[in-house]
Each structure stands twice: as C-alpha cells, then as structure tokens.
Amino acid sequence: SISIPDRAPLARPAPATRGKMEAPDALARLARATRLRVRKVGANSYVLIAKAQPVQRPKPEARPPVAASPPPPELPAPEPQDIIVTASKRDTLSQRFPGQWSRIDGDIFAPLGVVGAEAIEARSVGFSSTHLGAGRNKLFIRGIADSSFSGPTQSPVGQYFGDMRTGYSGPDPDLKLVDMQGIEILEGPQGTLYGSGALGGIVLLKPNTPTLGEMSGTAAIGGSVTWHGDPGYDASAVLNAPVGSGVAFRAVGYHAREGGYIDNVATGEKDINDVTITGGRATVTAEVVPGWFIDVAGIAQRIDGDDSQYADEESGGLSRSSMVDQPFASDFALASLVIRKDSGPIRFRSTTGASWQDVDENFDASIGDDIRQLSQHSKARAVSNETRLWRPMADGYAWLVGFSSIVHRYEVGRDLSAHGEAIDLAGVKNRVRETTLYGEVGVELLPRVEASVGARYTVSALSGSGEHLSPLAFARLVEEDPKRSERRLLPSAALLARPLDGLTLYARYQQGFRPGGLSIAHDTVRLYRNDRLGTAEAGFRYGRPGIDQFDLQGSATLSRWKDIQADFLDPSGLPVTDNIGDGRVWTVTVNGGARVTSQLRLEAGLAWNDGEITRPTDAFRTLVVGSDLEDMEIPNIARVIARGAIDWTGEIAGPWTLQANAYARYVGRSRLGVGPHLGEEQGQYIDSGLVARLSDERRTFSLTVTNLADDIGNRFAFGAPIATGADQLTPLKPRTVRLGFELAF
C-alpha cells in the first residue's frame, strides 16, 4: 500500500526498473531515481514524499558561486517483509499463520510451457494426484485419500481459482498454469475457512490480475521431443491493456499438444495417447472509487485425449493390447464477479460465480473375444457466492466474518456398447444446496503469543435420483427417500508462539466434512452418509523461504476419520460409493532450504504417511473376506515421499541472467484402492527434472528436461475398471526435452 500526499512529484520522470526483487526494494529504487523519500508506516505500507531541497540564499554578485551541495545520502532499501498467506482469508503473515502452508512462485511455471497440476505435484511432497489422465484426476493432500475414482463424492481437496471454487464433485479440471502469480497450498482440514470438501486442504491458484494504466504482454512458444513417443508443441500469449481511466483488461490464451507414448500391440498403432489442450481466460478490473475494485472474469478450457495412458506390465510398461479405443474429453468453464477492497484497516470481498464441467470417458470392457466399450458421461454445475469482511492483525487483534452459499448438481450416466448396440446402464444425479456462516478471531495474548478460534455452521439440503433403474432398485429409492437435510458445526482453535526472531511454534485443532449422497451399484441404489475428519497438529516454522538464508518447517498430525466415503468396484466391475468405516491417519512432514551462496540455494522435503481403516463396516468386512490385512490401508497415498532440489542463479555477459533448477522426487509404495480387486501396489519410483532459463529484460530462452532417468515406474495402476488386473500400470511419461522462447513487451 503506497500513499503519495503531494501530487507534484508525480510529474518527475522515472526510469524503468527491471529485475527480480522484493517489492520494497523496487520501491526504494524508484524513489531514489526520482529524489523521493520512502517512509514506512505499516507492515507493508509506505508513504512517498519529496526529499528536502537545500535552501538557496541570495548571494552578492562579487562573491564566487557557492559549490553545489552534495546529494543527500541514499536511503537503504526497506528490510524484506514477511510473506502474506492469502489463503488464510485475513491476510495473515506467514510467521503468524498456525498451520502448514507452502507457496510456489508463478514464474517457476513459465519455462515449462502449458502445464497443470502435475507441475505442482513435482514441486511438493504433500500434494499428490491419481494420474488417470488430464482433466480426470483426483487430488490429495496430507495422506487424506478416499479412492481411485472420481465419483459422486465431493473431492477431499478444495481447488480455487482466485476466490472461485473450480469444482465440488467430480475430477480436477486441471486448469493450466499460464500467467500465474503463484500457487498456495494449505494443508487441511480447512473446514472453518473453506467448508465442506477441504478434508485434506486447499489449493489456491492465484492468476496475475490486470494492471491499471499499463500496456504490456508476453508471447511464448515451445517444442518438445518425448523418448519412445510423438513430439509436442505449445503456445501461449498474455495481453494487459488499459481501457479508459481506472479500467484494465487482461487476456490469456494457450494451445498445446502433448505427444503420446503408449503403443497398442493389438491394433499395431503407435503413440496412441496424444492429448490436445486449448483454453483461455479474460479479466476486466475497474477501480470504481478509490480503493474499491470490481473484477469480471471468464475461463474456458477443453482437453481432448486420443486414448488412455495406462499400459500392460507384461509388455514392458509402454504398450498394451486393447481392441477398443478409449478416448476422453474434459470441458470446463467458469464465470465470476468480484467486488473487493483489499487495503485499509477493514477489508471486504464478495465473489459470485458459476462453473460448468463435462467429462466424457471410454473404457475397454471386453471379456475375452467379446469386444465391449463402457462409456461414462459426467456433468457438474455449480452457482456460488462468498462474502466476507475482515480485519488483519493490528493493535493485538484480528477478525473475520463471512457468508457462503452454493448450489451444485452432479450427474453420471453410463452405457455399454457391444456388437453395434448400446445399452443404458444405471445412472445417478445428486443435488446439494449449502448455506454457511463462518468466523474467526485472532488475539495477541502476550507479546509474541497469539491465539485464534473459529467456527463454521453449515446447513446442507441434499437430494438425488436414479436413471435406468430396475423396478426393485426404484422401489428401494422411493422407500429410502434421498431428500434430507444435514447440519454441521466445524470448530477450530490454534495457539502460536514466536519465542525467537524467525521461529514460530504452533498447535491447532480443526475439523472438516463432506455431505452424503446417492450412489448406484449396478442397478441398486445406495445412500451414503456424510463423513467427518478431526485433526490435531503441532508444528514449527523457522525463516522465510526464498528470503532468509535458512528456512525449515515441520509438522506432525493425527487425524480421526469417521464414516469414510470411498469408491470400490461392485461385482460388475463398476465404481460404487459407500461408507466403509472409521480410520486414522498419521502424517509427519519436514521441508527446508538453505542459501549456500548468493547464487546457490538447496531445498529438501520429506513426508511420512500412515493411514488405516481401524473400524470397517460389516459390509466392508464382507467385501474383503479372504484378503490380507493390507486391505485396511487407506489408498493412494505413499508411505514415504521425499524431494530434493538445487537452484542456481547467475549473471552472464551484459544483461543476460541464467537460472537453473534440478529436482528429484521419490514416491514410495501405496495401494490402488479399497477392496480385494484394487489391492495392486503402485509407486516406488523417482521423478526428476531439469530447468534452465537464459533471459534479459525482454527475451527468455528455456530448456526443460523431465524424467531424466527415463524411468517407467507406476504412478497409478488403473486404466479400465471392468478389465482391472494386476498387470495394469500407468507409467511415467518418458524422458521429454522441451525448448522454449518467451518475448515480453
């Protein structure tokens, strides 16, 4: 926040300031160049005033001219400030946030081309995904995983684009990370702030917003070569333009084709799983009165996959035998209106929007020589509003109060094609309306000791219906009456202390939940209940990543999970949702970094997860009869995940700067799903990459290499549900080299 009491100095020209630096450093440079003085008046607030000029007194003509006074000494740049945790919803400084939080700078994704959630996963130890395919995956954070499938259950991770939730039920839309300010990951549960569907935490995608009074943009292109596969390409463009006084427009567009690398030995086709992505977004920002802004935004994206990316282990891991094509498509759109006041002692934000998501999938359902294709079509529609008023921490206290409402509809339909005929299978529709009030208060009990308490009260109205049901299933649906109401109070409490400069210790307790719904098993209706998660956490944080010479963060959590909602395969091989019992999850994470020199930084992280179904339901016990105790393991989360990275930055000749990053990520063993048919092991592979970037003020040349070791691995052992077998695996994408070029203007 910058205030300029005297408008006269604004007429002074200022040279351009370019480079990568903290905002206070950039402000100090601009001020020195225009002979202004920076006065710090708050944690992140400044006043610009003119420097005092030497007084010129009349001098007798006979005297020699007085020598000019030397320029006043330059002000030192303000000390780097702490990082603001935007996802806290009350602009909490990272050293005052009682929880595990991480941020990935948006510039990291620029040299990677048109990438999505997979790029976030490669740079984190607490964030993971299922890898069924772009636009079809399910996201997990901190060992909280329910199943391998994206069914009617609400996702355990909330994903937000700005303040708008991108989904409720269904898969992650995999929005591409072009022109991003940053990514924030808040480990969960985050029920008080974000309500249902934040059991594992939330992922906040923060796009760059329009800049008032500036005409600028970038254009980027890239080409890639994949070992054992097809080449690929990508292109993107960003334009920021002023539209009259106090109004700006920003548009982003992108298109990419990812080369396939799976061969089909049954048909003789090579590299069958090409993927094409096309998308864009546009935002108009207007400052209606000083300090008050309106943002109108729209997003659209389509992902087309020519075939699925799973393989047969027996064939070497990069090929399979299938007589049926398995294409998929994912369409996503979002529109939002935001009214905000982001500065001052009291701040306000109201976000209203709607989202649409359609996913079409095809699976091989052949049995022997009987060639069959299973098609699944899912639709999700949501309309929501969230309005909140908050006061950041000042004078020893902070508060937040908010209201949210969402109406969501999700439906799934299936059909089976064989011998030129299609048979409609049972389908399901779920509708939910949630209305919520929430609040949080933070108080400084003693110097360097703070406490916060909060609560969220949610009323959910649920209903559902089935399609193409047998008379018996329809009668059961009428008898059980899927229309019902659920009420849930989610409390939270935290205590934080800063005994030393840079060191934060905290303990917190928070809850999360997901509402129940309706599921179809073959032609039978199932009503599943809501599930609840309570987590106790203790952790510490020392230093600020990317700012201080050394930083280290760690936490240990114990979660109790009641009435776990999970998907498993029914006797016909189709996914079905039900409550499978109670469980507990232990998680320990440690992340840190050290700046060895001004040019070299090292990073490392480790996560350990142990999840178990401790009290299975009778129905689930019957399902796993004859299986070993590992069937009680919570699926899809590796027991151990470790990551290390090296960052190097140095100036070359003239204006050119070279940045290089190398990383390696080990993903340990995990289990595909719950139940006897999903006991296959997956994981135990190493993902790695190298990124080099040579840039000046306007141009950037980049080289990216992923999967340096060209490892096959097994990220997700699931391709076609009916044909599920121990020989299925989903390999890593083979070694891929990309060359890119970016031009800024």
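Computation of the quantities below employed the complete heavy-atom set of this structure, encompassing side-chain atoms and omitting hydrogens, waters and symmetry-equivalent molecules.
For the pair Arg693 and Glu742, the salt-bridge criterion is met [side-chain N within less than 4.0 Å of a carboxylate O]. Ion pair Arg257/Asp306 flagged as a salt bridge, since at least one NZ, NE, NH1 or NH2 atom sits closer than 4.0 Å to an Asp/Glu carboxylate oxygen. Salt bridge status for Asp146 with Lys138: present, with a side-chain N to carboxylate O gap under 4.0 Å. Salt bridge status for Arg302 with Asp358: absent, with no side-chain N to carboxylate O gap under 4.0 Å. Using a 4.0 Å cut-off between charged side-chain N and carboxylate O, Glu411 and Arg409 make a salt bridge. A salt bridge is defined here as a Lys NZ or Arg NE, NH1 or NH2 lying under 4.0 Å from an Asp or Glu carboxylate O, and Asp230 with Lys270 fails to meet this definition. Between Asp263 and Arg320 there is no salt bridge, since no side-chain nitrogen of the basic residue lies less than 4.0 Å from a carboxylate oxygen of the acidic one. For Glu121 and Arg665, the salt-bridge test passes: some basic side-chain N is under 4.0 Å from an acidic carboxylate O. Electrostatic pairing of Glu681 and Arg671 does not count as a salt bridge here, judged by no charged N lying under 4.0 Å from a carboxylate O. We find that Glu421 and Arg372 are not joined by a salt bridge, their nearest charged nitrogen and carboxylate oxygen being 4.0 Å or further apart.
Counting heavy atoms from C-beta on, the side chains of Thr700 and Thr657 never come closer than 4.5 Å. Val275 has its side chain within reach of Ile303: a pair of non-hydrogen atoms, C-beta onward, lies under 4.5 Å apart. Counting heavy atoms from C-beta outward, Glu361 and Leu132 have side chains that approach closer than 4.5 Å. Between Pro734 and Leu732, every side-chain heavy-atom pair lies at or beyond the 4.5 Å cut-off. Counting only heavy atoms from C-beta outward, the side chains of Tyr663 and Ile646 never approach each other to under 4.5 Å. Side-chain atoms of Leu204 and Phe161, non-hydrogen and from C-beta on, never get closer than 4.5 Å to each other. The shortest distance between side-chain heavy atoms of Trp227 and Val737 falls below 4.5 Å. A heavy-atom distance below 4.5 Å is found between the side chains of Ile108 and Arg123.
Between the side chain of Asp370 and the backbone N or O of Ser366 there is no donor-acceptor pair closer than 3.5 Å. Within the 3.5 Å criterion, the main-chain N or O of Arg735 finds a donor-acceptor partner in the side chain of Asp710. At distances below 3.5 Å, not a single donor-acceptor pair connects side-chain atoms of Asp307 with backbone N or O atoms of Ile272. Looking only at distances, a side-chain donor or acceptor of Asp174 sits under 3.5 Å from a matching main-chain atom of Ala117. Remark: the backbone N or O of Ala638 is paired with a side-chain donor or acceptor of Asn609 at under 3.5 angstrom. Judged purely by atom type and a 3.5 angstrom limit, Thr706 has no side-chain atom pairing as donor or acceptor with the backbone of Gly689. The main-chain N or O of Pro173 is found under 3.5 Å from a side-chain atom of Gln301 such that the two form a donor-acceptor pair. Here the side chain of Ser375 pairs no donor or acceptor atom with the backbone of Gln373 at under 3.5 angstrom. A donor-acceptor distance shorter than 3.5 angstrom exists from the side chain of Asn707 to the backbone of Lys733, with no hydrogens or angles considered. The backbone N or O of Asp107 sits less than 3.5 Å from a side-chain atom of Asp105, completing a donor-acceptor pair.
Nearest heavy-atom pair across Ala642 and Val125 is C-CG1, 4.3 Å. Taking every heavy atom of both residues into account, Ile637 and Ser128 meet most closely at CD1-OG, 3.6 Å. Taking both residues in full, the closest heavy atoms of Glu603 and Arg643 are given as OE1-NH1, 3.8 Å, listed atom of the first, atom of the second, then distance. The nearest pair of heavy atoms linking Val324 to Ser322 is O-OG, 3.0 Å. Residue Tyr685 comes nearest to Gly713 through the heavy atom pair CB-CA, 3.9 Å, listed as atom of the first residue, atom of the second, then distance. Nearest heavy-atom pair, Ile262 versus Ser319, reported as atom, atom and distance to 0.1 Å: CG2-CA, 4.2 Å.
Note: Leu606 CG to Tyr666 OH = 11.0 Å, rounded to the nearest 0.5 Å. Between Ser670 atom OG and Arg639 atom CZ the span is 11.0 Å, to the nearest 0.5 Å. Atom CZ of residue Phe701 and atom CG of residue Leu703 lie 13.0 Å apart, to the nearest 0.5 angstrom.
In summary, the aromatic rings of Tyr168 and His408 are positioned with their centroids under 6.0 Å apart.
A cation-pi contact, defined as under 6.0 Å to the ring centre and within 45° of the axis, is absent between Arg698 and Phe745. Within the cation-pi definition used here (under 6.0 Å to the ring centroid, within 45° of the axis), Arg699 does not qualify as a partner of Phe741.
With no hydrogens or angles considered, no side-chain donor-acceptor pair links Tyr410 and Gln154 at under 3.5 Å. Between the side chains of Ser224 and Thr736, not a single donor N or O lies within less than 3.5 Å of an accepting N or O. Judged by distance alone, the side chains of Asp331 and Gln357 never bring a donor and an acceptor atom under 3.5 Å apart. Remark: the Gln682 side chain and the Asn636 side chain contain an N/O donor-acceptor pair separated by less than 3.5 Å. There is a side-chain donor-acceptor pair under 3.5 Å between Arg414 and Gln376. Residues Asp179 and Asn208 have side chains that bring a donor and an acceptor to within less than 3.5 angstrom of each other. Side-chain contact of His255 with Thr278: a donor-acceptor pair under 3.5 Å is present, judged by distance alone.
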After noting the C-alpha distance and the side-chain angles of Tyr310 and Gln326, does the key distance pass the side-chain contact (heavy atoms from CB on, under 4.5 Å) rule?
CA-CA 10 Å; Tyr310 76 95; Gln326 301 175 65; 3.1 Å; yes

Apply side-chain contact (heavy atoms from CB on, under 4.5 Å) to the pair Asp325 and Thr267, showing each step before the final yes or no.
CA-CA 10 Å; Asp325 291 338; Thr267 62; 5.7 Å; no

I'd like to know whether Arg281 forms a side-chain contact (heavy atoms from CB on, under 4.5 Å) with Arg250, so could you lay out the CA-CA distance, the side-chain angles of the two residues, the decisive distance to 0.1 Å, and finally the verdict.
CA-CA 8 Å; Arg281 63 179 187 268; Arg250 193 176 189 95; over 6 Å; no

Does the side-chain contact (heavy atoms from CB on, under 4.5 Å) test come out yes or no for Arg136 and Ser308, once each step is laid out?
CA-CA 11 Å; Arg136 300 197 290 167; Ser308 187; 3.7 Å; yes

